[in-house]
Amino acid sequence: MLKSYYCRQTAIYKSYLRSSSYCIHRRCVSSQKKSKANKYSATVLLPKTDFPPWINSEERISLDRKIEESSGFDTLYAWQRDNVKGSEFILHDGPPYANGPAHIGHAINKIIKDVIVRHHLLNGRKVHFKQGWDCHGLPIELKAISDEKNKLSPLEIRQTARAFATSAIEEQKRAFKKWGLLADWEKGCYYTFDKSYVQNQLQQFYKLYEKSLIYRDLKPVYWSPSSRTALAEAELEYNEKHVSKSVIVPFEIDKSSLPSSFAVSEEKNLFALVWTTTPWTLPSNQAIAYNEDFDYCLISIGDTSATYLMASALVSELESLIQKPVTILQTIPGSSLKSLTYKNLFSNKKVLSFIPSHHVRSSKGTGLVHTSPCHGPDDFVLGLKYKLDLKCIVDDNGRYTSDAPHNLEGLDVLGDGNTTVIEKLNSKILHIEDFVHSYPYDWRTKKPIIIRSSEQWFMNTASIQTAALRCLEEVRIEPNHHSKRLAQLLENRPFWCISRQRVWGVPIPVLIDTRSNKPIISRELIDHYCDLIDQHGTDFWWKLSVAELLPKNSELLQNKQIIKGKDILDIWFDSGISWSEVLDTNQIADLYVEGVDQCRGWFQSSLLTSVGIRNIAPYKGIFIHGFAVDENGHKMSKSVGNVVEPSNIIEGNKKYPPSGIDVLRWWVAGHAVQHHHIPVTENTLKDSKDTIKKLRLTIKFLLGNLDSRIPDVDQNMNFILDQYMLHKLFEFFTKVQTFYEEMHYQKICFSILEFVSNEVSGIYIHASKDRLYCEAKNSEYRKNCQTVCYHILDVILRTIAPIIPHLTEEVYSYHPANADRKTYFKSTPFMLPQHWNNPSVVPIMNSVLEIRDFILNNKAKNINSLQLSVRISGCEKTIDHLKCFTHAELTDILQVADVTCTIHPEQTKFTLEMTESENKRCERCRKYVYSAEEELCYRCSEIVNMASAMLM
């Protein structure tokens, strides 16, 4: 698809170079150079404008800054809030992370948002768009302690992290301003580490707690040993090439527990075969799970003296895996396993049980699942149901505790601990191999995580799942294919772990009574904490003692067993409640715009908190864009060295010449929503740069032919070509506005390029050169054309303005309608005249264009079409179409010297006779239109004589 898009662009560009205003511009320059040699040049009305066709690299950056200052980019947001009277459009900004310089992902996201809000502003709507920053979280904390790990106190970590985040915000803000973003940078931004934001967050937390949607519990959670904290599903990324040690381990079954139906020889031991890819969890084994609906069997393997138990459906897979013959001795129904017990791998004295569970599958393994309640959600449920031991023997660092058996204490479960477990069981293991599979990693540290039971704070998303899904059904999601994925992610999320074991964040505002291990939280306490934030700042939880955290008259002061909770809130909770900070009580944003990764993140956390608190979605629409990759489709990474920074595109570097902001913004609009992966390549950037050049050349031609005045926009259009062009403008503008509303920005860019190259330059301008340059200045024929050029310029500016406001403002500064030098975005909204919509002229014009194409494709190559005399014969309908044009129009459109038409009723198609005209070339207009001996044709002679008379 991408290749075909570039092929179409190349074709359009070639067409443009052949027949567009690019050629006209070259002709104008050439004519001007020869003006001294041409005695009639002073009477030729060549385009006149100071608007430059291109800005060199050195001047581009300073010009962008000058445009921003002169056009009031910094003040436009505040101006429109005070002056625009239309309905309000709310785009709620998902806060970017304040952990480093602005990158290409920021450019994609922020520029798309700016295109959206500028489009709505131009349509007369008051825009509500408050920029925000996500200021907490592990990446910032890790950078704060990178040089002095384990040496800083919590308060010192927070102070360092805050300074780092503040610096990152200012750096990003400078970049965002350069990109021309519409925002109130001084007073209109929100930051998740601000006092007011944290106070609001504590209040929203309590509202959810009051509704029993937030609770504390012991559960297995995603745990990152590298970050030493719990993680939510949204904070994982899956490594498809992760390698685990896969083992099949025999667990010895206590034969005394066998039902009489088991035919097992007294001489042979009986083992249950269990397959696992996490050998490190085997020391925590508490049961073996089976499925009552399966058939199981007793087997022998090769010539071993043991008998083994496994699912019948997986015997052939086992045989293929171990490359040994397997013999089925007896088939047994799953229900007969319920009485079985077995010996613990690490302690023969400990006897454990088989337990039934439908989470056991027959797609892989042996049909018997090793159950460790502390290391898996299904296992945990079984542990609660069957009262298994829930004690975790793995600590926060991912190492075995002193409760682990066989001297495993202190070993890393993902490293030497896993290896040691395998070594200890080596004599018992039936099979071992490397197993490549998808495995969750910490998205920040890029290291594997484990599942580990821990006492955490959770949001009960299962209880609001139905309401959230119902709300989501009412949300417009673009592109629509993401709808199903968002719903599936919600359906598969029974709870959300919202606590983190770090210090750089918002504290979970809960005290703990150590005697009962119960949390202490109340409305009175939350309100008091908010007062303390006003007095002591957002570090209050770490600055103050428990006694200082309590109100002076609180009865809790008598309880000396109270401690502060040490957890902070997940940053997805931080940003997820941003709607409550930015929007009014029951206000709903028209749109959220983020990358595809936020299907698991901000889109969900925002929906869940809003539904939990208000029972409504925070947004009416969601727009999802892709993320940047290099020319090989690889994700950009500094370590790989394939990163393209926005500043490189704007200001240039060793690889890229300076291209300016317009090129960056056009690239974003043209590519960011077309694909899941957005290629940043030399070719895609060059295409964007070429497009801007084409637009400038066409705009320069249009400006140059307006004679620095505003044409009579209400004058009658008496010529078919002009009526046709206005109709095409109507069609084009309507189509592009639809694309803007549907947020199909790649279609907008392609449509603009196609329209300017083909309809404007390839047809209208090409056919209008003579009447603009050589007709009398005030002739109706020329004035009609100037009026159409004026409208073309208006429509082009309106369609490109949201995408490339810098070029738009630059053009508008040269526009004759802008005598008082206003900025374009403060001008009167463009209104599309309905009388332009005139589809009846299309078949008439198409008849002429078909003839034009025939002439161009069939004339002799050594003859200039301007020298051709064309005789057209055809059916009555075709000739009637041609008669709608004046002779001047026909010759201008067909680019020939002379045209005659004859009706032949029996013809269904036209036929052409082309001969070389005997006419002479006029020395002024260069057209072959007269046969006398004079230098000038009749028209040019009149114009020159009139000019001479005026000088006398």
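With salt bridges taken as basic N to acidic carboxylate O contacts below 4.0 Å, one links Lys245 and Asp434. At a threshold of 4.0 Å, the pair Glu237-Lys446 counts as salt-bridged, since one of the basic side-chain nitrogens sits closer than that to a carboxylate oxygen. Under a 4.0 Å N-O distance rule, the pair Glu141/Arg500 does not qualify as a salt bridge.
In this structure the side chain of Glu317 never reaches within 4.5 angstrom of the side chain of Leu321, judged on heavy atoms. Using a 4.5 Å heavy-atom cutoff, the side chains of Tyr400 and Ser284 are not in contact. For the pair Ser353/Thr341, a side-chain contact is recorded, criterion being any heavy-atom separation below 4.5 Å from C-beta on. Residues Lys428 and Val247 fail the side-chain proximity criterion, which asks for heavy atoms closer than 4.5 Å. Annotation: side chain of Trp223 is not in contact with side chain of Val394 (no heavy-atom distance under 4.5 Å). Between Leu390 and Ser453 the shortest side-chain heavy-atom distance does not fall below 4.5 Å. With contacts defined as side-chain heavy-atom distances shorter than 4.5 Å, the pair Val421/Phe346 qualifies. Under the 4.5 Å side-chain criterion, counting only non-hydrogen atoms from C-beta, Asp574 is in contact with Leu569.
Between Phe251 and His370, the ring-plane angle classifies as parallel under the 30° and 60° cut-offs. Using the six-membered ring where Trp is involved, Tyr441 and His242 have ring planes that are perpendicular, over 60° apart on the 30 and 60° scheme. Using a 30° and 60° split on the angle between ring planes, Phe603 and Tyr592 fall in the tilted class, from 30° to 60°. Phe294 and Tyr296 have tilted rings, their planes meeting at an angle from 30° to 60° on a 0 to 90° scale.
For the residue pair Asp567 / Gln501, a side-chain donor-acceptor distance below 3.5 Å is found, with atom types taken as modelled.
Checked against the 6.0 Å centroid threshold, Phe435 and Trp275 count as a close aromatic pair.
Around NZ of Lys566, the count of heavy atoms belonging to other residues, nucleotides or ligands within 6.0 Å does not exceed 12. For Lys447, the NZ atom is loosely surrounded, since the number of other residues' heavy atoms within 6.0 Å does not exceed 12.
The minimum heavy-atom distance linking Trp504 with His136 is given by the pair NE1-CA, 3.4 Å. The heavy-atom pair separating Gly376 from Ile451 by the smallest distance is N-CG2, 3.6 Å.
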